[in-house]
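Read through the structure below, which is laid out as structure tokens, and then see the notes.
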4 protein chains.
Amino acid sequence: MLLKKEGRRAQKKLIKENKLLDAAYHLFVEKGITATAIDEIVKKAGVAKGTFYLYFKDKEDILEKLILKKSSEIVKKALQEVSNKEFPSPVDKFLFFLEYIIDYLSKNRMLFRFLKKDFSWVFYKKITENDQLVEIKKAKEMFLKNFNTNYSQEELEMVIFMILELVSSLTYSSIVNSEPAPIEKVKPLLLSTIRKILEN
Amino acid sequence: MLLKKEGRRAQKKLIKENKLLDAAYHLFVEKGITATAIDEIVKKAGVAKGTFYLYFKDKEDILEKLILKKSSEIVKKALQEVSNKEFPSPVDKFLFFLEYIIDYLSKNRMLFRFLKKDFSWVFYKKITENDQLVEIKKAKEMFLKNFNTNYSQEELEMVIFMILELVSSLTYSSIVNSEPAPIEKVKPLLLSTIRKILEN
Amino acid sequence: MLLKKEGRRAQKKLIKENKLLDAAYHLFVEKGITATAIDEIVKKAGVAKGTFYLYFKDKEDILEKLILKKSSEIVKKALQEVSNKEFPSPVDKFLFFLEYIIDYLSKNRMLFRFLKKDFSWVFYKKITENDQLVEIKKAKEMFLKNFNTNYSQEELEMVIFMILELVSSLTYSSIVNSEPAPIEKVKPLLLSTIRKILEN
Amino acid sequence: MLLKKEGRRAQKKLIKENKLLDAAYHLFVEKGITATAIDEIVKKAGVAKGTFYLYFKDKEDILEKLILKKSSEIVKKALQEVSNKEFPSPVDKFLFFLEYIIDYLSKNRMLFRFLKKDFSWVFYKKITENDQLVEIKKAKEMFLKNFNTNYSQEELEMVIFMILELVSSLTYSSIVNSEPAPIEKVKPLLLSTIRKILEN
DNA sequence: AATGAATGAGCATTCATTCAT
DNA sequence: GATGAATGAATGCTCATTCAT
């Protein structure tokens, strides 16, 4: 009985937290982070202002949780796609993984409005440190251990970080500013460059 | 006589503008852009608040001019260094050019606090579009035309953009967050990766 | 219990709004509208600056609400006076109504400082459009339908507007500038002129 | 020789003053008085900021001079029209004078944007006090002495003031707000009312 | 846990006016 | 007389955060 109540309570809490995250997400994407007032978030979420501070410390806090959530979602989808397919080599697998994410972002370019800044970092952290999700742990191992390169383990970690940095920066620039060219033109070159870096 | 007066006035104006740019620079670097109030800038510059708006439209405006100024300064220094030395190949020359900038930024890591966001873009633009400065024009030609690669001209331009993006992103991450490792560890790997990309 | 709480809250809110209206009223009358800063209003009302914006959009907004409130008060008083007396004719009744307002304004000449501009308009609107207050509705009928004139209904409405405009303009000029003469001298002529216009 | 120089100087002065008045007029009419900055006036007039203060004490000052100038122009035109025609009676003459002004204002409704507030006052002052212009002096006599009414001289002065006040108020309200009706509908009623007041 | 009224520090921006040249 | 750079007081408004209910 008590447990049920607790459960229902925790559920209710989760619902409110998600309402707030959702509201914040849509507002951040539409208006940008700085331009979005907490007032608007709570209004859109349909809760009182004080409630916000029951779930999040401040705007930074909800932003961070949002980025984690959204990044995690994307990575999870990419990993699912990857696991459903066969690849000639781990590098091909990794490139497909990256391509899936690039394509996803091309279709959801609004995401960039606030994801970009911290994306590559969050991305990497998720893959390398977040051990809560088994799939991601597996992914990390897959990408780090299965490559056949001349790099040492330490170097390889840096190279992967480098690549993720490059992918996020360039995809952002290409999608948002068409610099140095539209994403369709940049993508093949980017992927072939990455293959060059990984294969030796 | 008239000319002298005009000259003196214009000179005074330039001095004030520089005072403001300097004050803004130090405050942006120390406290960050958003945390810096116009009030502080004018106080540090020793001018009245209204004077600020005589020279700049708003905070965005002074930021933009500051980024342009600082970026231009760094590139100019790097090009001067490069032009004083002999190199076995254009790629070596380019790598030295990049290394000089990385080293410069390492020593002035505070610069990143506000330069990063737009840096690579401004950087590239300066090299490719700003034809007012002869050295930069020459640099552009040097970097774009002297490489012996399999890339087409169009591809090469994209690759260079990619490299600049990678350098700025990674140098930023490495210097500011020590991610994926401190700059001393990342630099050799980064430069060798770039060489790999350019040489074939 | 809930209702009581709600009620107490709403009550408190009303008290604050009235405090602000009162403070604004006294300051507008003393110093004029433009010369009154929001800062002064909140200080006088004893609330925080932000609280002002909780109740009013801006200075315009509080001014409008103030004019409506004050105008409504005056009209209500005049109608009460009128309803307590017997008159030989509807025109006499109307003239007494106007005279009451003129006298009231003479005694509270400070009101004009900010009421004047919109007064006659608000006045008429209150009489003709505001159907919320029963007395005012009755007054409207009284003034518009009981006159025995040669005017058509449409003309009569215009004539009444004209008269209200004349009364407010002239009373203002006479009280504030003694132009064309002090109010004591102007009033009889004004009233007799109006009688002339209405009676035929 | 000296005189010529003086003359030329005075002429130059007048030219600048008129440039400033013209610029102010157009800006006041377009943007309103408060919204117009001295900066804009001098920019439009093509003179330096300091020059403004050589000719006018402040914004109030230029506004006053502007109202005087514009009002005087209108009255002058109306008097010219009136003097070119024959009328059955002085009242008809006066009514034509008023109608001319109403029509003029209908065609130039932008004038009202800033003229209205002080218009009737300036208007009357011009007619009754400004003895510098001979025509206006004559007009004053024409309107004040030629009426055949039961009013005493003192009363007549007040009545005329009243009428001018009524005309300006109502014309303003009618033209700008269509209250109580468009000017075409209001004008005949207004003029017939005035005739009623003057004729006995 | 939830509410939402209240807070008030903080900040950008404007603009009339001055005065050295 | 003319200029226009410099001034800085003045002010409206926002918004994250608190807390009594």
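Chain naming here is simple, since letters A, B, ... match the order of the sequence lines and numbering starts at 1 in each.
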Worksheet item: Atom CD1 of C:Ile41 and atom P of F:dC13: how far apart are they, to the nearest Å?
Response: 11 Å
Discussion item. Just the rounded figure in Å: distance from C1' of F:dT7 to CG of D:Asp39.
Written reply: 13 Å
Item to complete: Evaluate side-chain contact (heavy atoms from CB on, under 4.5 Å) for A:Leu21 paired with A:Tyr55, printing each intermediate quantity in order.
Response: CA-CA 10 Å; A:Leu21 280 167; A:Tyr55 294 95; over 6 Å; no
Practice prompt. For C:Glu40 and for A:Phe52, locate the closest nucleotide of DNA chain F by heavy-atom distance; then report the residue assigned to the nucleotide nearer the 5' terminus.
Written response: C:Glu40
Fill in: Closest nucleotide among E:dT17, F:dA5, F:dG12 to the B:Lys13 side chain
F:dA5
Worksheet item: Rounded to the nearest 0.5 Å, how far apart are CZ of D:Phe52 and NZ of D:Lys57?
Response: 10.5 Å
Worksheet item: For A:Lys16 and E:dA2, is the shortest distance between a side-chain N/O and OP1 or OP2 below 4.0 Å?
Response: yes
Item to complete: Calculate, to the nearest 0.5 Å, the distance between atoms CG and CG belonging to A:Leu66 and A:Asp22 respectively.
Response: 8.5 Å
Practice prompt. Would you mind classifying the nucleic acid contact of B:Leu54 as base, sugar-phosphate or nothing, using non-hydrogen atoms under 4.0 angstrom?
Written response: base
Worksheet item: Taking atom P of E:dA12 as reference, at what distance in whole Å does atom CG of B:Leu20 sit?
Response: 14 Å
Discussion item. Between C1' on F:dC13 and CD1 on C:Ile62, what's the gap in Å once rounded to a whole number?
Written reply: 15 Å
Worksheet item: Should A:Thr51 be listed as having a side-chain N or O under 4.0 Å from OP1 or OP2 of E:dT3?
Response: yes
Practice prompt. Select one nucleotide: of E:dT7, E:dC15, E:dT17, the one nearest the side-chain heavy atoms of D:Tyr53.
Written response: E:dT17
Discussion item. So for C:Lys49 and E:dT7, does any side-chain atom that can act as donor or acceptor lie under 3.5 Å from a complementary atom in the base?
Written reply: no
Practice prompt. Could you say whether A:Gly46 or D:Thr36 is positioned toward the 5' end of DNA chain E, judged by the nucleotide with the nearest heavy atom to each?
Written response: A:Gly46
Worksheet item: So do the side chains of B:Leu63 and B:Lys59 get within less than 4.5 Å of each other, counting heavy atoms only?
Response: no
Practice prompt. Mind checking B:Val47 for me? I need base, sugar-phosphate or nothing, with any heavy atom below 4.0 Å counting as a touch.
Written response: sugar-phosphate
Worksheet item: More than 12 heavy atoms of other residues, nucleotides or ligands under 6.0 Å from NZ of C:Lys43: is that the case?
Response: no
Discussion item. I want to verify a distance call: between F:dA6, E:dA12, F:dG1, whose nearest atom is closest to the B:Tyr55 side chain?
Written reply: F:dA6
Worksheet item: Between atom CG in D:Asp58 and atom C1' in E:dT18, what is the gap in whole Å?
Response: 14 Å
Item to complete: Round to the nearest Å and state the distance from C:Lys12 atom NZ to F:dA20 atom C1'.
Response: 8 Å
Worksheet entry | Gap between atoms CZ and P, on A:Phe56 and E:dA2 respectively (whole Å) | 12 Å
Worksheet item: Between A:Lys59 and B:Gly50, which is nearer to the 5' end of DNA chain F once each is assigned its nearest nucleotide?
Response: B:Gly50
Discussion item. Rounding to an integer number of Å, can you tell me how far C:Ile15 CD1 sits from E:dA5 P?
Written reply: 15 Å
Worksheet item: Taking the side chain of A:Ala48 as its heavy atoms from C-beta onward, which of E:dG4, F:dT18, E:dT14 lies nearest to it?
Response: E:dG4
Item to complete: Can you tell me the pairing partner of F:dA20 across any strand shown, Watson-Crick or G-U wobble, with both distances under 3.5 angstrom?
Response: E:dT3
Discussion item. Could you tell me if the side chain of B:Thr51 sits less than 4.5 Å from the side chain of B:Phe56, heavy atoms only?
Written reply: no
